[in-house]
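The structure under discussion appears below in the form of structure tokens.
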Amino acid sequence: MSDVADIPPGELSEDEARAAHARIADEIRLHNEAYYQDDAPTVSDAEYDALFARLLALEEAHPGLRTEDSPTQRVGAAPAQGFAKVRHSVPMLSLGNAFDEADVGEFLARIRRFLNLPEDDAIDIVAEPKIDGLSVSLRYEKGRFVRGATRGDGSEGEDITANLRTIGDIPDKIAGDVPDVIEVRGEVYLPKSAFLKLNAAHEEAGAKVFANPRNAAAGSLRQLDVAVTAKRPLRMFAYSWGELSAEIADTQWEFLERISGWGFQTNPLSRRCGTLEDIIAFHTDVGEQRASLDYDIDGVVYKVNRLDLQRRLGFVSRAPRWAIAHKFPAEQAMTVLNDIDIQVGRTGSLTPVARLEPVTVGGVVVSNATLHNEDEIRRKDVRIGDTVVVQRAGDVIPQVVRVVADKRPKGATPYAFPTHCPVCGSEAVRGEDEAVRRCTGGLICSAQVVERLKHFVSRDAFDIEGLGAKHITAFHADGFVDGPADIFRLKARRDVLLEREGWGEQSVDNLLDAIEERRTIGLDRFIYALGIRQVGQATARLLARNYGTLDAWRAAMNAAQDRESAAYRDLLDIDGIGASVAEDILAFLHEDHNRQVLDDLDELLEIEALEAADTDTPVSGKTIVFTGTLEKMTRSEAKARAEALGAKVSGSVSSKTDLVVAGPGAGSKARKAAELGIETIDEDTWIDLIGG
Ligand code: IVH
């Protein structure tokens, strides 16, 4: 074909250009597959680039050739701005769950009752593994893949067509007796082996590691840069359909055979079952193979095979009556508990962590597991040296489930939970009704100091770029940073920083610049950064909004140390702040060293009041109480609107309340308002008042 290849594309006839385009596009697809899926390039980069350039030139001269499935529209395409939304014309539903044989029996009985079938009538069932990946819907029009979307909320997903085009299991074209419109649905997953490889590479590069193959698949698929998706060897099993312009099968089994004939992967373990016994045997059989499969499954799915029966059975709410997911119990494995480490958290909490002989649990190597707290260890009588059963379920941290009693080594003694902090040696105490034991060392405990500092610079707090947990730990160990204020004094120590191993001018200056950038901060972030117990982002925002400035807040908290004061009542009156949170806030601000930290920071920083709320509205400056059920907006929405309009929202009615908005079911608060003669309005009047 070199004759055609040498001719400038503009001089080729439409037909010649189309033929050349098809040939080069196919060749590039093969190279893509070799490179991206098999990690085994078949041509040099230069040859690949030349082919690609030729394809681009052809499309330039003959724009009709730039079809959606052209390789030029795939890998390496410019990143999209977010993902467009796609409405599913046929919703993507979920499945009901069965946890044991009785649930499955009930599922079959329900079907018989619904269809009015005799009890001994066999129901043909297709049993398939339930793939733990991400469900997607692939739309083909006239045999061409035109759009692919995530499940989203079932009605509306995201358009990830470009990303899906990089997956080898998803054909670009399907041929044969294909309906004009067909949406094939299935599960995209990352093989366990690829997940382990990916995480190992990420770990080495200091990048984020994924918790499990499902998260890794999701992270890989929802990439704005398609080239990143293309490097991840994602796969897909197809098992269902959405919109169809014509029927293609009479049974689920026939459907699977048809789509398999079109080039989709269907799960090879799927089987037809006639009886409850067959079904349960399938569940057991697949369960036994589970750990050795290269993909995660979290159960099996049973589907009524005949589609006419499926249609009669229909749906209940968001799940079909004709299918059910029979879940597997969480994956477990046995291993030896080598040691128990105690981690000290930001607020001094001592958390026991099991150090395990590494063991593979469902394809993931586990070497640490949580033991929760002191009582859990006692209840399970976990001893160092014990053989234990560990379990991993979905995204949760692996847990120690139980001890294998007959494998206990001789001489193993009950675990004595430390009564002193393993880091600073201070006494560790348990409050009444508290499950957690806490170090009382406060800021003399370096573990707490470091954890607090890590929190201080974390993303939702000061968010200092380049100052991660690793640097904080090192800076603290080397005596550069003892408290949060020291971070803002690092500038003066530029020379010392420059002497540190691994730090050059550029990196030191970048860090110092990043710190400078955060010298101005909103009061809400500032309060959150302090790391007061129970004061998360929402509470910090409430405090910032209610008190306005750091000075006002501190003055009010000083006054509120007197639990009889109006300031204390005002604090409790903030909707969302209860007595226990108030105690933690007051205790924090009562500590001398915390006050010192605040003084220092106040001097070093520019702390901004929360974006000023509207002052010229019918509710600005008023204290409002919402009570009863609101029907047109949620409570939090109503609160946010009121606050944005300059009102304070309080949780209880007092003489300070200006307005009560009462929905149906309002009780004592509405009565109290009536007693105090406070204006009370209903939700509609409220909405009119705030202008809809
Ligand atoms: S059928 C109308 N079959 O499980 C029912 N779903 O919990 C359509 N899933 O959203 C689903 N493997 O993402 C079906 N073999 C399989 C499946 C499967 C995994 C997922 C799917 C669905 C979820 C429901």
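Order of listing sets the numbers, starting from 1, for every ligand and every atom in it. Note: hydrogens, waters and symmetry copies are ignored here, and every other heavy atom, side chains too, is used.
Neither side chain, Arg306 nor Thr251, offers a donor N or O lying under 3.5 Å from an acceptor on the other. Looking at Glu183 and Tyr140, their side chains never bring a donor and an acceptor atom within 3.5 Å of each other. Side-chain atoms of Ser240 and Arg185 include no donor-acceptor pair closer than 3.5 Å. With hydrogens and angles left out, the side-chain atoms of Asn338 and Glu357 include a donor and acceptor closer than 3.5 Å.
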Between ligand 1 and the protein, which N/O pairs are shorter than 3.5 Å?
residue, atom, partner, partner atom, Å
ligand 1, 3 (N), Lys303, NZ, 2.9
ligand 1, 4 (O), Lys130, NZ, 3.3
ligand 1, 7 (O), Lys130, NZ, 3.4
ligand 1, 9 (N), Tyr239, OH, 3.4
ligand 1, 12 (N), Ile131, N, 3.1
ligand 1, 13 (O), Ser135, OG, 3.1
ligand 1, 13 (O), Glu187, OE1, 2.9
ligand 1, 13 (O), Glu187, OE2, 3.4
ligand 1, 13 (O), Tyr239, OH, 3.3
ligand 1, 15 (N), Glu128, OE1, 2.8
ligand 1, 15 (N), Pro129, O, 3.2

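Residue pairs that meet the ring pair (Phe, Tyr, Trp, His ring centres under 6.0 Å) test with at least one member in residues 95-121, sequence neighbours left out, do not exist here.
Between the CD1 atom of Ile123 and the CZ atom of Arg112 there is a distance of 4.0 Å, given to the nearest 0.5 Å.
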